[in-house]
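Inspection log for the structure reproduced underneath, given as structure tokens.
Each chain gets a letter, A, B and so on, in the order the sequences are listed, and its residues count up from 1. Remember, predicted model here, so these are calculated numbers, not experimental data.
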Amino acid sequence: MTPSSFKQELLKKWVLGLQSCGSMAKEMSFLERKNAIKLSADIAMASARGGKTRWSRAVISSASKRDDSKLLVRNILGNEFERLMKASVGTPSCNKRFMSKKILRMSRGLRRLRRSTARRRVQASSIAKRMVQRRTQVLKSLVPGGESMDGFSLIEETLDYILSLRAQVDVMRCLADASERLKSK
Amino acid sequence: MMNTALPEMLHCLQTPENLAGNGADLTVLERQRAQLKWLQQQQQQYQQIYFSESQFNVFLPPTTDALQLQDLINNDTTLQKLVNRSMKADSGLANEWPDFGKYSTTSTGFAGQATSFASNGLEPNSLAMGHCLSRTSSCPPAMTLPDGEGRDSVFIASVVERERMKKRKADEAQNPMVTVSEDIRDKRVKVDAEEMESKITEQNTSATISDTPPTTTTHNSNKNDNANNNNNREASSDTSKENPKAPQVPKPDYIHVRARRGQATDSHSLAERVRREKISDRMKYLQNLVPGCNKITGKAGMLDEIINYVQSLQRQVEFLSMKLAAVNPRIDFSVDNLFRKESAQTFPAPDCTGNFSTAGLSSEMANPAYLQFNPVHQVVSLDNPQEMALRRTFSAPMAVPADTFNETASFTQVPHSCSTWENDLQGLYNMGFHQQGRSSAGFPPHAFPVDQQTN
């Protein structure tokens, strides 16, 4: 998927989404409008990426669960595509497995901690590990759907997410510039 | 089990012998004899032997004739029976070390096969130092390698691994060990190692898969499982240590991870290393993506930069959406923003090519036909005077750098970032293609926007 084709897709879907909520535009406040614009952009970005990446699926699934964005998702995706998304997700079971493993791991670690509090050695490696862990947590909170990813897939998803974010920023900036110039003229 | 392995063994043993026969310092025969002697002495002198925790496979060292082989096999089975017992170091063994050194050299070919070795692994160091191997249950006895026998072997590798894992106290004693193990591998040995390795791989898997020694405890079976897992994971990970002269062995779905010199060959650590290498590969991509990440080494710092970058991008999205909301009272950018492709004729300046996409008016218009990001030189009819005016306003500020001119199907060239992004992406995608070609099977192709699937 070339960058420009991605941008095309994004723009197309974004405009589609914008139009679908354009009917209510007059009653919306500034914040509501901004949120609608942002939401459409995010969903458009995720759907332009297709169901291939976990973050895109996470964005779409979380948006379709929320009442205010459900309609938007359906409009942007179109019915068949939405069905595809739902089919390709299948994450609830994986998520549960992942979360339960995580809980087990955490409990084991806690038990060990309680036992070995006496001899706690502050080593450079452990400090480094903790640093990396903390940052990984932050990154997981940033990338949509990142909570249930392991280290390696997190990095791949981040890679893809960064590229898509850049494309989104580019598209939005172009549109913003164009409409600004239009307005000023 | 052994019978099937035997002919293969013999065959593979021929080659090292042939190679060795060409004026080698140590003939394979000598080595094998030393092995046999050592093994026999092992049995006599020790009641317990340390074996590595990770795998215990039937290690079939090369022998020239079937009889010796049989003896060895018998020895091995008896050794295997001693797997679970702990062993105490016996300084009396020190005399045997030179022989053992020769023994270890033959195991060069198994560098990648942590499994087979760790089982029979003897830890030269701790024994040589007379250290008690009470630290771990599966610590192989130590040995001192004779100097100059700088052959990389899994024994040495496992030794080094033990060193790392257990943090020996006798550092000076270890150093000769380490230096020996980190000597350059003998290339000749490497060559036959390569051949042997592939064959032994299959042997080992057949050996491990079939029922191994009668005293299969759960310990053993775990080791076998690990061996299988090790064999079944794909990684073409290794690097400059690959011997280019080595014949290309047809590899089944195995992962051949070459243990680099001085590194552990335990299956766990091998898997760890594979995983770490994958992660570091991806981090390299991210380094290229995230501006300012080139100077930073170290995972935490790079993660910091990545986090900052993602946050800044997200903030930019927020800001732009606010801007868009402020710019016009209506959300749907309908009538005002109808742009068509611009022609080179309208704008005499060659670098004022703003290819702006059309934002569809209604849903029927918002189809791909309207969004045409075509090559720069296409002509479009402009009937809307407003659009003309708009384009003229665009032309002035559009100082597009010359290199973007070459971009086909460029989205828009007004913001410089677009073109650079495409340049970056092209480079990245190329890397991605290359990477996909030789990356491990574990790489999920979908995660990369590069892949050949077209939307």
Look at A:Val132, A:Leu154, A:Thr158, A:Leu31 and state which one has the largest set of heavy-atom pairs under 4.5 Å with chain B.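 Looking at each of A:Val132, A:Leu154, A:Thr158, A:Leu31 in turn, A:Val132 comes out on top.
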Specify which of A:Val143, A:Leu165, A:Asn35 makes the most heavy-atom pairs with chain B at under 4.5 Å.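 Of the options given, most contacts go to A:Leu165.
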Tell me, do [X] and [Y] make a side-chain contact under 4.5 Å, heavy atoms counted?
X	Y	answer
B:Lys323	A:Asp177	yes
B:Leu286	A:Ile162	yes
A:Lys34	B:Glu318	yes

Kindly give the heavy-atom pair with the smallest separation between B:Leu324 and A:Ala176, and that separation in Å.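 That would be CD2-CA, 3.6 Å.
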Of all the heavy-atom pairs spanning A:Phe30 and B:Ala325, show the shortest one and how long it is. CE1-CB, 3.7 Å
Nearest 0.5 Å, please: how far is [atom2] in [Y] from [atom1] in [X]?
X	Y	atom1	atom2	answer
B:Ser321	A:Asp42	OG	CG	8.5 Å
B:Lys284	A:Ile155	NZ	CD1	12.0 Å
A:Phe152	B:Arg282	CZ	CZ	4.0 Å
A:Thr136	B:Ile307	OG1	CD1	7.5 Å
B:Leu303	A:Gln133	CG	CD	11.5 Å
B:Leu289	A:Leu163	CG	CG	4.5 Å

For the pair A:Arg134 and B:Asp304, find out whether any cationic side-chain nitrogen is under 4.0 Å from an anionic carboxylate oxygen.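 No salt bridge links A:Arg134 with B:Asp304.
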Checking B:Met322 against A:Lys38 for the side chain to side chain contact (heavy atoms under 4.5 Å, CB included) test, could you report, in this order, the C-alpha distance in whole Å, the side-chain angles of both residues, the deciding distance, and whether it holds? CA-CA 8 Å; B:Met322 275 201 296; A:Lys38 180 162 184 288; over 6 Å; no
For B:Phe319, is it the side chain, the backbone, both, or neither that has a heavy atom closer than 4.5 Å to a heavy atom of chain A?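 No part of B:Phe319 comes within 4.5 Å of chain A.
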Can B:Gln316 and A:Met172 be said to form a side chain to side chain contact (heavy atoms under 4.5 Å, CB included), step by step? CA-CA 9 Å; B:Gln316 269 184 310; A:Met172 290 179 85; over 6 Å; no
